[in-house]
Each structure stands twice: as structure tokens, then as C-alpha cells.
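Down below is the structure, laid out as C-alpha cells.
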Amino acid sequence: MGLLAVSLLGSLWMSVTVLARRLGVPGGAELASWTPGVRLAGAAAATIWLIVLLGRRDRVPRWAPYAATAVGAVALAAPLLPATGGRAGYRVAFAALIAWTALEAARSQGIRARTLITLGTKATGWERAIAFSFPAACLYLSMAFTTVGFQLLAGSPQALRRAQEQGLEWSADAGLVLPVASILYTCVLEELVLVAAVAVLGRAAGLPFLLIVVISVAARVGIHSYLGLPALAVIVLGVTAMLLYRRHQTLLPLLAAHALFDTVAVLAQQ
């Protein structure tokens, strides 16, 4: 739960405040003004936790604590840069910070990093290609289905586009730097943390698989709550991702499918 807290704090706060402003909730704009501070708090907490985790290891490279501090410092300093550069820098640095923290949290439970991310089959050749392609294709189709769900529940394409621009903090004319940084950030947060880390750490904690799925899906819906009702469409995506990870024990196809889908969506808007 600690990993979810530091990973999702900024995204959840942003999503809730965007939704509050869209619904005209009194004080919504004031709450939104705290978003940069909440993000910085999450980055600081993740940096401290990562350094603590590194300190608990029996053997740790001498450079690791310094590198962790440097990545955390970039995540903390990036918001001071101009709008686009600051947002992009924060998302890249925070993605790196959270990915590293997730891997170290797994290591602290006796779980190797490669167990989280590598292809879980020892097959070679075409068997390996199929083992990669099948879960990737399933997640890609699930994301396409989710996009259709967004559109149906939003009521109109214009309303959906406005909600996405507010929640993602970039629009079609934003160039490619911020969207690329956002894709990296989203893949790490939604697949590495909400799928692999939650599944593996939840299993290590003795949680039943159904509860693990509920936690993962609830968190995924939460960070999409800026969409309002359409956020419920990600339930299918969240369940699919967890089932695929449980069945195939591999994260790389999910990361690849998510990155490809988001990249196609961004290029289609340019």
C-alpha cells in the first residue's frame, strides 16, 4: 500500500481536483492549486523510501544512493522549469523514480527484478514470439475497447476531448515532448506498478487474487476519475491486464502494447 500511496498521490489528487472543477464543486480551483505541492510531496516520499530500501540491502552499488538522490532531485526541481519542459521532466524523472522504487520494494520481499518484468517463458523462437504477441494483442484490443467505452459514456467526443486535455495537461498542439513523457509515465504507473508490483507484492503479502484485482482496478479507475463516468470503462482494461499478467507472468508485452496504443493515439492527433 505504501508503494501505491507514493506512486498515485499526485495523479489521484490531480484527477479528483479536475473532476471537482468540471462539476463546479466549490473550492475545486483552490484544491487544484495544491497539485504541484502534492506531486512534490509524492516525489520526496518516493525518494526517501527508495534510499531507505537501498540502505537495507546487504550489498548495494556505491553509486546507487547518489543516483537515487539525483533522480529524486530532478523530479523535485522539474516543476520549476517552464510549463511544458517542467511537466515532461517531472513525468520522466518520477517514472524512473517509481520504477526503481517498485523494483527495490519487490527485492526487499525476496523477489528479483527480472521476475517482475521479463518474459516469463523459457521457450525460444516462434514459441517465444507467440508468448510475447498474444498478451500484447489482448491488452491492445482491451485498450481499444476501453476507448470505445470512453466515447460511449462521455456522451460526445468534444466532452471527452476536453476532459482528457484537462486531465493529461496537454492538447493536440502540445508537440511531442510532453506526450512522449506522458506515455512513459503512464506505462510505468499503470503496468509496472498497478499490475506487476501490486500482483507480486500482494501475493507475497498473502492477499487473495480477487482482492489484488480489486485494489489494482480501483486504483486505475481512481487515476482516470478526471473523466467522470467514462472512467468506469477502465475496469475491463484493469481486469484484463491483471488476468494476462497472472496467466503469462510477463510484463514486457503489456508495456509494449500500452506504449504502442498511446503512441498511435498521440500521432493520430498531430
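In terms of heavy-atom proximity, C187 sits nearest to A259 at SG-N, 3.6 Å. Smallest separation of non-hydrogen atoms from R39 and G10: CG-CA, 3.9 Å. The two atoms that bring L254 and P135 nearest to each other are CD2-O, 4.1 Å, heavy atoms only. The nearest pair of heavy atoms linking Y90 to A75 is CD1-O, 3.5 Å. Of all non-hydrogen atoms in G228 and L19, the two that sit nearest each other are CA-CD1, 3.8 Å. Here the closest non-hydrogen pair linking V266 and P179 is CG1-CB, 3.7 Å.
Applying the salt bridge (charged side-chain N to carboxylate O under 4.0 Å, His left out) test to every pair with at least one member in residues 216-242, sequence neighbours left out, gives these pairs: E190-R220, E191-R220. The salt bridge (charged side-chain N to carboxylate O under 4.0 Å, His left out) contacts involving residues 239-259 comprise nothing, where partners must be two or more places apart or lie in separate chains.
Remark: F134 pairs with C138, H248 by the side chain to side chain contact (heavy atoms under 4.5 Å, CB included) rule, at least two apart or across chains. Scored by the side-chain hydrogen bond (donor to acceptor under 3.5 Å, both in side chains) test, Y185 finds S11 as partners (sequence neighbours excluded). Every residue meeting the side chain to side chain contact (heavy atoms under 4.5 Å, CB included) condition with V18, not counting sequence neighbours, appears here in chain and number order: M14, R21, R22, Q166, Y226. Contacts of V213 classified as side chain to side chain contact (heavy atoms under 4.5 Å, CB included), with partners at least two apart in sequence or in another chain: F209, V217, V239, M242. Remark: S216 pairs with no residue by the side-chain hydrogen bond (donor to acceptor under 3.5 Å, both in side chains) rule, at least two apart or across chains. Among residues two or more places apart in sequence or in another chain, the side chain to side chain contact (heavy atoms under 4.5 Å, CB included) test is passed with A256 by F132.
When hydrophobic clusters are built by joining Ile, Leu, Val, Met, Phe, Trp and Tyr residues whose side-chain heavy atoms come closer than 4.5 Å, directly or via intermediates, Y66 is not grouped with V74. A single hydrophobic cluster is not seen to contain both V214 and V198; linkage of ILVMFWY side chains at heavy-atom distances under 4.5 Å, directly or through other members, places them apart. A single hydrophobic cluster is not seen to contain both V236 and I212; linkage of ILVMFWY side chains at heavy-atom distances under 4.5 Å, directly or through other members, places them apart. There is no path of hydrophobic side-chain contacts, each under 4.5 Å, that joins W13 to V16. Hydrophobic clustering (side-chain heavy atoms under 4.5 Å, transitive across Ile, Leu, Val, Met, Phe, Trp, Tyr) groups V193 together with L243.
Two residues are said to be in side-chain contact when any heavy atoms from C-beta on lie closer than 4.5 Å; S7 and L189 meet this criterion. The shortest side-chain heavy-atom distance between Y245 and T240 does not fall under the 4.5 Å cut-off. Side-chain contact between L178 and S182 is present, with heavy atoms from C-beta onward closer than 4.5 Å. By the 4.5 Å heavy-atom criterion applied to side chains, T47 and V71 are not counted as neighbours. Residues H258 and D262 are in side-chain contact: their nearest non-hydrogen atoms beyond the backbone lie under 4.5 Å apart. I235 places a side-chain heavy atom less than 4.5 Å from the side chain of L232. For the pair L207 and I215, the minimum side-chain heavy-atom distance is below 4.5 Å.
How far CG of L9 is from CD1 of I223: 12.5 Å, rounded to the nearest 0.5 Å. The CG atom of L8 sits 8.5 Å away from atom CD1 of I98, with the distance rounded to the nearest 0.5 Å. The distance from atom CG of L194 to atom CG of L4, rounded to the nearest 0.5 Å, is 6.5 Å.
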Under 3.5 Å, sequence neighbours excluded: what are the donor-acceptor pairs made by side chains of residues 141-152?
| unit_1 | atom_1 | unit_2 | atom_2 | d |
| --- | --- | --- | --- | --- |
| T146 | OG1 | S142 | O | 2.9 |
| T147 | OG1 | M143 | O | 3.0 |

Identify every side-chain donor-acceptor pair in residues 53-61 under 3.5 Å, counting partners at least two apart or on other chains, and give the distances.
| unit_1 | atom_1 | unit_2 | atom_2 | d |
| --- | --- | --- | --- | --- |
| R57 | NE | R59 | O | 3.3 |
| R57 | NH1 | E104 | OE2 | 2.9 |
| R57 | NH2 | R59 | O | 3.2 |

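Counting side-chain heavy-atom gaps under 4.5 Å among Ile, Leu, Val, Met, Phe, Trp and Tyr, the cluster of I48 also holds V52. With a 4.5 Å cut-off between side-chain heavy atoms of Ile, Leu, Val, Met, Phe, Trp and Tyr, the cluster of L40 takes in L76.
A distance-only check finds no donor-acceptor pair linking the side chain of S15 to the backbone of L12 [under 3.5 Å].
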